[in-house]
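Scroll down for the structure; my scribbles are underneath it.
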Amino acid sequence: MTGFAPDVSALNHLQNILNTYLNKPSGITIVTKEISASSSSTLSIDQIKTIEEQNRTVFTSGDQLGVYFLYTNGNFIDNNVLGAAYRNTSMVIFGKTIHDNSGALGQTSRAKLEGTVLDHEFGHILGLVDIGSPMQTNHKDAAHGNHCSNTNCLMYYTSDTKDILGFLLTGSIPSFDANCIADMKANGGK
Ligand SMILES: [Zn+2]
Ligand SMILES: [Zn+2]
């Protein structure tokens, strides 16, 4: 949405992660398109689905997988949430929440925060944790839904919310841990 274009470094980080773990010999392409901002400052998942339906241009076709990120100009109804995966190839990044919590003095950088949320949500689309990619070893944090039990893993539950902010102040974008990588490999990854 206008005013909330993706951070170029964050997109590059996502593309590198995908090239590292996915078997995509014909390559991975990122297409961006500006759409008009929403008049609502908070959006529900139902409203997000409607916006996607009105604006998405890339879909799965043949052996080419299409995956969609919507960057909103507002917050989720729960202001603690930075991003979400809500359909099998659909994710949302809450642009205002990301902007409000990164890039200023004393805050983590935009590239780090946005990169973490992009990579994490895409991990859910890839079936992590235990939502499509069967676990090779039990590593699900049962108290926090489909997330990894390793506090240092990208798929730890804090990466969806402002709970990650403290970690990112000193750390860098978390990586998938060995258990998450093993699940992706067993499901066709590399
Ligand atoms: Zn998550
Ligand atoms: Zn993990």
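When a ligand or atom number is given, it counts from 1 through the structure's own listing order. In this chain, residues are counted from 1 in sequence order.
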- line: the Zn ion (ligand 1) has as its nearest N, O or S atom from H120 the atom NE2
Name each donor-acceptor pair under 3.5 Å that joins a side chain in residues 75-84 to protein atoms two or more places apart or in another chain, with its distance.
from : atom 1 : to  : atom 2 : distance (Å)
N75  : OD1    : T97 : N      : 3.4
N75  : OD1    : T97 : OG1    : 2.8
D78  : OD1    : N80 : N      : 2.9

message: Could you identify the N, O or S atom of H124 positioned closest to the Zn ion (ligand 1)?
response: NE2
query: In terms of side-chain heavy atoms, does S90 have a donor or acceptor partner in E52 at a distance below 3.5 Å?
result: yes
- prompt: Sequence neighbours excluded, which residues qualify as side-chain hydrogen bond (donor to acceptor under 3.5 Å, both in side chains) partners of Q15?
  reply: none
Cluster check L126, I173: I/L/V/M/F/W/Y, side chain < 4.5 angstrom: no
message: So if I apply the side-chain hydrogen bond (donor to acceptor under 3.5 Å, both in side chains) rule between N150 and each of D141, D177, N179, which one comes out positive?
response: D177
field: Matching residue for Y68 among N55, V92, I125, T89 - test: side-chain contact (heavy atoms from CB on, under 4.5 Å)
entry: N55
- request: List for me each residue that meets side-chain hydrogen bond (donor to acceptor under 3.5 Å, both in side chains) alongside S41, sequence neighbours excluded, and say none if there are none.
  value: none
- request: Could you give me a count of protein N/O/S atoms that are under 2.8 Å from the Zn ion (ligand 2)?
  value: 4
- line: Here the vertex angle at the Zn ion (ligand 1) for NE2 of H147 and OD2 of D160, given to 10°, is 90°
